[in-house]
Amino acid sequence: MKTDEIRSRYLNFFVKHGHRLVPSDSLVPTNDPTLLFTGAGMNQFKEEFLGHVTDFTRATTCQKCMRTGDIENVGRTPFHFTFFEMLGNFSFGDYFKREAIGWAWEFLLQEMKLDPARLHVSVYEEDQEAYDLWAKNVGVPTDHIWRYGEDDNFWPAGAPSKGPNGVCGPCSEIYVDHGGGCGKSTCSPACSCRRYTEIWNLVFTQFNRQDGGVLVPLPKKNIDTGMGLERMAAVMQGVRFGMDIDLMLPIVQAAAKITKQTYAVGRTDDVGQRLKRIAEHTRSVAMAMADGALPDRLGRGYVVRRLIRRAALDGSAAATWCVG
Ligand code: SER
């Protein structure tokens, strides 16, 4: 299935379930000077999460996101991107865990036609409600439900003990099992062997964290979900690297052409990694500049400059090797 079709099926599915289709915010956040770049679908809904806007209580988006915390992994690992699209459905004091979990499962099985035997889920270790919804309502076998701590299954990660203060909550993640992997008896979706790919994070935003890690229940509970579009496309297109999906492959191949290299799906050697990085950073830079973040010495402009520099260095390295 093409990436464009996944995007439209997702948005249509949630519109059908009463969500307002809201456009992606700019990568340069419209109403949040505290953020360098928009990094998640929920960024544009801070006011709604605090209950300040009341004309709609359900939204769905495909949000342009920029995250550079893992920039060194781009090209090396299957799914690190600096720019990516995040599909999301949101509830502002409207539906909660039961519907969010039920609709996620329905979408994956009925719209994406995924085999449930390949799906695993995780819940926050103290969230028995989510565990029971997966086990009893949805019928996920208990050997496909994993309990993890606050570093894996809380949003923001580790919020109860480390902060920041503000709205937060336990989350539940959905993973696709590719098989293989390390084969260890301890292997689970959290394993670094990459047998499992996380495709969707359902955040149950139910607390307002205050000083000292005090979690005060919110008067109105919210849902914030994020599905990685490129990850889902890789699953649907049967490729292990996000850079090999239909949206990315032509850009990687264009980088190969310019540097007089060849690129075939799955190439992971040094040149393959560089070509993927060039493609990824080029796309990121194009998206950032289209939203008004121009190369500069400071702030978000510095991020853009750094991306260009990294891609250029990879380009000159990849092009030099072809000579020999
Ligand atoms: N905000 C959560 C995330 O970024 C879910 O959308 O994963």
Side-chain angles (χ1 to χ4, degrees), residues 6-7 10-11 13-14 19-25 27 29 31-32 34-50 58-70 73 79-92 94-97 99-101 103-105 107-108 120-124 127 130 146 148-160 162-176 189-190 196-209 218 221-232 242:
I6 299 170
R7 191 192 296 105
Y10 184 99
L11 297 172
F13 178 85
F14 284 101
H19 294 63
R20 179 184 287 190
L21 179 57
V22 176
S24 171
D25 193 15
L27 278 174
N31 288 318
D32 194 342
T34 66
L35 291 175
L36 214 50
F37 287 106
T38 302
M42 54 82 68
N43 289 164
Q44 69 165 317
F45 295 121
K46 282 190 181 163
E47 290 299 306
E48 285 82 354
F49 276 125
L50 291 168
R58 297 179 182 190
T60 186
T61 61
C62 183
Q63 176 64 52
K64 296 178 278 186
C65 296
M66 180 87 96
R67 292 186 187 177
T68 54
D70 289 319
N73 286 331
F79 288 114
H80 280 103
F81 283 78
T82 57
F83 171 85
F84 59 96
E85 292 181 64
M86 191 188 284
L87 292 160
N89 55 288
F90 306 90
S91 158
F92 314 116
D94 187 325
Y95 64 86
F96 200 45
K97 291 182 194 178
E99 293 85 350
I101 286 174
W103 286 335
W105 198 252
F107 179 78
L108 294 174
H120 286 238
V121 300
S122 65
V123 298
Y124 178 50
D127 192 353
W146 304 83
Y148 297 131
E150 63 173 34
D151 287 334
D152 289 303
N153 274 81
F154 217 89
W155 212 88
K162 298 187 265 297
N165 284 349
V167 292
C168 62
C171 60
S172 183
E173 298 186 323
I174 306 175
Y175 308 82
V176 172
Y196 302 88
T197 299
E198 180 212 323
I199 50 169
W200 204 342
N201 187 13
L202 316 180
V203 183
F204 312 126
T205 314
Q206 63 190 93
F207 300 115
N208 187 11
R209 184 194 192 274
L218 289 168
K221 298 177 179 30
N222 305 307
I223 289 293
D224 156 26
T225 90
M227 175 199 276
L229 177 63
E230 292 82 355
R231 290 181 180 209
M232 181 53 100

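Please read these numbers as outputs of a predicted model, since none were measured by experiment. For ligands, and for the atoms within them, numbers begin at 1 and follow the listed sequence. Along the sequence shown, residues are numbered consecutively beginning with 1.
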Provide the number and element of each atom of ligand 1 under 4.0 Å from a heavy atom of [X].
X: V203; value: 2 (C), 5 (C)
X: A40; value: 4 (O)
X: M86; value: 4 (O), 6 (O)
X: M42; value: 1 (N)

Which atom of [X] lies closest to which atom of [Y], heavy atoms considered:
X: F84; Y: G39; answer: CZ-O, 4.3 Å
X: A40; Y: R67; answer: CB-NH2, 3.9 Å
X: A59; Y: V22; answer: CB-CG2, 4.0 Å

Distance to 0.1 Å, residue and atom name: give those for the protein heavy atom nearest to [atom].
atom: atom 3 (C) of ligand 1; answer: W155 NE1, 3.4 Å
atom: atom 7 (O) of ligand 1; answer: N201 ND2, 3.1 Å
atom: atom 4 (O) of ligand 1; answer: R67 NH2, 2.9 Å
atom: atom 1 (N) of ligand 1; answer: D224 OD2, 2.9 Å

Aromatic ring proximity, centroids under 6.0 angstrom, Y196 and W146
no

Pairing donors with acceptors under 3.5 angstrom, does anything connect the side chains of S122 and Y175?
yes

Over 60° means perpendicular and under 30° means parallel, so classify the ring planes of F96 and F204, tilted if in between.
perpendicular

Return the orientation label for the F90 and F49 ring planes: parallel under 30°, perpendicular over 60°, tilted otherwise.
perpendicular

Give yes if a backbone or side-chain nitrogen or oxygen of G226 is under 3.5 Å from a nitrogen or oxygen of ligand 1, and no if not.
yes

